[in-house]
Amino acid sequence: MSNADVEAGRSAKETTTGIKPPPGRYNPSGNGPNAVAPAPPPFYYYDQAAAQERHHRTWVVPLLVIANVAMFVVVMYYNNCPANGGRDSCVGRSFLRRLSFQPLKENPVLGPSAATLRKYGALDWYKVVYGNQAWRLETSTWLHAGLFHLLANMISLLIIGIRLEQQFGFWKVGLVYLVSGFGGSVLSVLFISRNGGITVGASGALFGLLGAMLSELITNWTIYSNRCAAMVNLIIIAAINLALGILPRVDNFAHIGGFATGFLLGFVLLIQPQFGWSEHPSGTKSKYNAFQIVLLTLSVALLIAGFPAGLISVFKGVDGNAHCSWCHYLTCVPTSSWKCDK
């Protein structure tokens with residue numbers, strides 16, 4: 001699954017590898033692995049943007065990957081399947097020993113138990129709302145249900161994040177990642193099952209990066225070549241990613257919340273001067289056009305209003321499903337092949 005990435009002003013032979021999109025956030029209370037969607041689209045930048053890209057070294061995205069992998073190892077160490085589970089049924093016990101995985105019937109994606117994930121920060125509605133454990137809104141984005149879940153998310157993060165960090169720098173991409181993960185968790189808590197289910201994964205943050213890609217294309221419209229092709233490609237990929245979230249045991253609310261947060265942040269953090277601004281004498285052409293300023297202002301207003309409203313609803317114990325009878329279809333659509341747990 002790869003897409004040609006052709007930058008304006010360059011030879012058509014200069015291509016880059018396609019991007020795999022963020023996979024589904026895994027719900028360890030289910031029995032199946034998360035869904036993996038097709039790749040995010042290529043960029044179609046003007047040469048000015050390509051030149052800017054070379055000015056930023058990438059280090060925060062690799063650091064995020066290292067932190068996620070390290071966290072998985074720590075969780076597996078304390079999970080200690082041979083001591084706390086069925087000694088003979090632990091996967092890889094002969095060579096992994098303490099780091100061996102839970103039995104496949106309990107965790108099919110090769111990882112710890114749900115109890116261990118809950119202990120070390122998984123998103124749990126009751127503990128967030130009534131246990132004064134709001135920190136789970138962020139810690140859950142650093143946990144993964146299993147090795148397969150971790151690999152899928154980290155490969156996506158490397159391919160998506162490095163490209164964005166090269167162009168916009170470490171602090172912008174890092175901020176989009178962290179805040180989008182938090183935003184995804186807030187929406188997830190409002191709609192998560194009240195029957196003791198938990199969710200983990202960095203996919204809310206990854207969908208935030210995907211949303212930021214879309215808003216970056218919109219707000220920096222004047223520096224793109226082949227704009228319509230880039231827009232259609234990106235919208236299709238985003239739609240496919242979100243559509244796969246309707247499969248069971250995938251927390252699509254974390255995806256939607258992360259995508260929406262990243263989309264708004266992109267208008268604020270990834271704005272670039274309009275084309276030709278630097279070529280005009282000082283003061284003869286505005287650095288940003290009115291369209292960019294309007295989008296930035298609206299995004300700031302929505303972020304300032306949205307996060308407090310969401311957090312107040314979370315800590316009041318609001319059940320989003322009680323106020324939206326059809327919203328549960330956004331995360332799972334029942335078919336003859338599977339059922340959904342509302």
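This chain uses plain numbering: 1 for the first residue, then up along the sequence.
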Partner residues of Phe182 under the side-chain contact (heavy atoms from CB on, under 4.5 Å) criterion, sequence neighbours left out = Leu137, Glu138, Val186, Phe307, Leu311
ask   = How long is the gap from OG1 on Thr139 to CG on Leu117, to the nearest 0.5 Å?
value = 11.0 Å
task = Walk me through it: do Trp221 and Met231 pass the test side-chain contact (heavy atoms from CB on, under 4.5 Å)?
result = CA-CA 10 Å; Trp221 191 252; Met231 174 64 76; 3.7 Å; yes
Hey, can you pull the donor-acceptor pairs under 3.5 Å for the side chains in residues 204-212, sequence neighbours left out?
none

task = Check Phe253 against Cys327 and note the closest heavy-atom contact, atom names and distance.
result = CZ-O, 3.1 Å
key: side-chain contact (heavy atoms from CB on, under 4.5 Å) between Phe267 and Ile218, worked out   = CA-CA 8 Å; Phe267 289 122; Ile218 295 172; 4.0 Å; yes
Modelled atom types, side-chain donor and acceptor of Thr116 and Ser113, under 3.5 Å = yes
inquiry  = Taking the side chain as everything from C-beta on, heavy atoms only, tell me whether Asn79 gets closer than 4.5 Å to Asn84.
reply    = no
query = In Å, rounded to the nearest 0.5 Å, how long is the span from CG of Asn241 to CZ of Phe259?
reply = 8.5 Å
message = What I'd like to find out is whether the side chain of Leu96 reaches to under 4.5 Å of the side chain of Phe101, using heavy atoms alone.
response = yes
query = Nearest 0.5 Å, what's the CD1-CG distance between Ile256 and Asp251?
reply = 9.0 Å
query = Looking only at atom types and distance, does a side-chain atom of Arg136 sit under 3.5 Å from a main-chain N or O of Leu123, one as donor and one as acceptor?
reply = no
ILVMFWY network linking Trp142 to Trp135, side-chain heavy atoms under 4.5 angstrom = no
request  = May I ask you to check whether Gln166 and Arg163 show a side-chain donor-acceptor distance below 3.5 Å?
outcome  = no
His328 side, atom NE2; Asn252 side, atom CG - distance, nearest 0.5 Å = 13.5 Å
key: Minimum heavy-atom distance between Asn107 and Ala145, given as atom pair plus value   = ND2-O, 2.8 Å
message = Do Leu217 and Leu234 make a side-chain contact, defined as non-hydrogen atoms from C-beta onward lying under 4.5 Å apart?
response = yes
Phe315, CZ: over 12 other non-hydrogen atoms inside 6.0 angstrom = yes
request  = Show your working on side-chain contact (heavy atoms from CB on, under 4.5 Å) between Leu264 and Ser215 and close with a plain yes or no.
outcome  = CA-CA 7 Å; Leu264 294 175; Ser215 57; over 6 Å; no
inquiry  = If you define the side chain from C-beta out and look only at heavy atoms, does anything of Leu270 sit under 4.5 Å from Met213?
reply    = no
ask   = Which heavy atom of Gly197 sits nearest a heavy atom of Ile192, and at what distance?
value = O-CD1, 4.0 Å
request  = Might you point out which heavy atoms bring Val91 and Ser100 nearest each other, and give the distance in Å?
outcome  = O-CB, 3.3 Å
ask   = How would you list, by chain and number, every residue that makes a side-chain contact (heavy atoms from CB on, under 4.5 Å) with Tyr130, sequence neighbours excluded?
value = Trp125, Tyr126
task = Taking all heavy atoms of Cys81 and all of Gln102, pick out the closest pair and write down the distance.
result = CB-OE1, 3.3 Å
ask   = Mind checking whether Val314 and Val318 have side chains closer than 4.5 Å, heavy atoms only?
value = no
Minimum side-chain heavy-atom gap Glu165-Lys172 below 4.5 Å = no
key: Minimum heavy-atom distance Ser89-Pro103, with the two atoms named   = OG-CG, 3.3 Å
For residues 289-304, which side-chain N or O atoms pair as donor and acceptor with protein atoms under 3.5 Å away, sequence neighbours left out?
{"residue": "Asn289", "atom": "OD1", "partner": "Phe291", "partner atom": "N", "Å": "3.2"}
{"residue": "Asn289", "atom": "OD1", "partner": "Gln292", "partner atom": "N", "Å": "2.8"}
{"residue": "Gln292", "atom": "OE1", "partner": "Asn289", "partner atom": "N", "Å": "3.1"}
{"residue": "Gln292", "atom": "NE2", "partner": "Thr219", "partner atom": "O", "Å": "2.8"}
{"residue": "Gln292", "atom": "NE2", "partner": "Gln272", "partner atom": "O", "Å": "2.8"}
{"residue": "Thr297", "atom": "OG1", "partner": "Ile293", "partner atom": "O", "Å": "2.8"}
{"residue": "Ser299", "atom": "OG", "partner": "Leu295", "partner atom": "O", "Å": "2.8"}

message = So, using side-chain contact (heavy atoms from CB on, under 4.5 Å) as the criterion, who are the partners of Tyr77 when residues are at least two apart?
response = Arg98, Leu99
Any Leu269 side-chain heavy atom under 4.5 Å of Phe168 side chain = no
task = Just do the side-chain contact (heavy atoms from CB on, under 4.5 Å) check on Thr141 and Val200 with the steps written out, would you?
result = CA-CA 6 Å; Thr141 67; Val200 294; over 6 Å; no
request  = Output the distance between atom CG (Asn321) and atom CG (Leu330), rounded to the nearest 0.5 Å.
outcome  = 9.5 Å
Side-chain heavy-atom pair Leu110, Phe148 within 4.5 angstrom cut-off = yes
Output a table of donor-acceptor pairs, distance under 3.5 Å, between side-chain atoms of residues 61-75 and any protein atom two or more places apart or on a different chain; print 'none' if there are none.
{"residue": "Asn68", "atom": "ND2", "partner": "Leu64", "partner atom": "O", "Å": "2.8"}

task = With rounding to the nearest 0.5 Å, note down the distance linking CG in Leu143 to NE2 in His149.
result = 10.0 Å
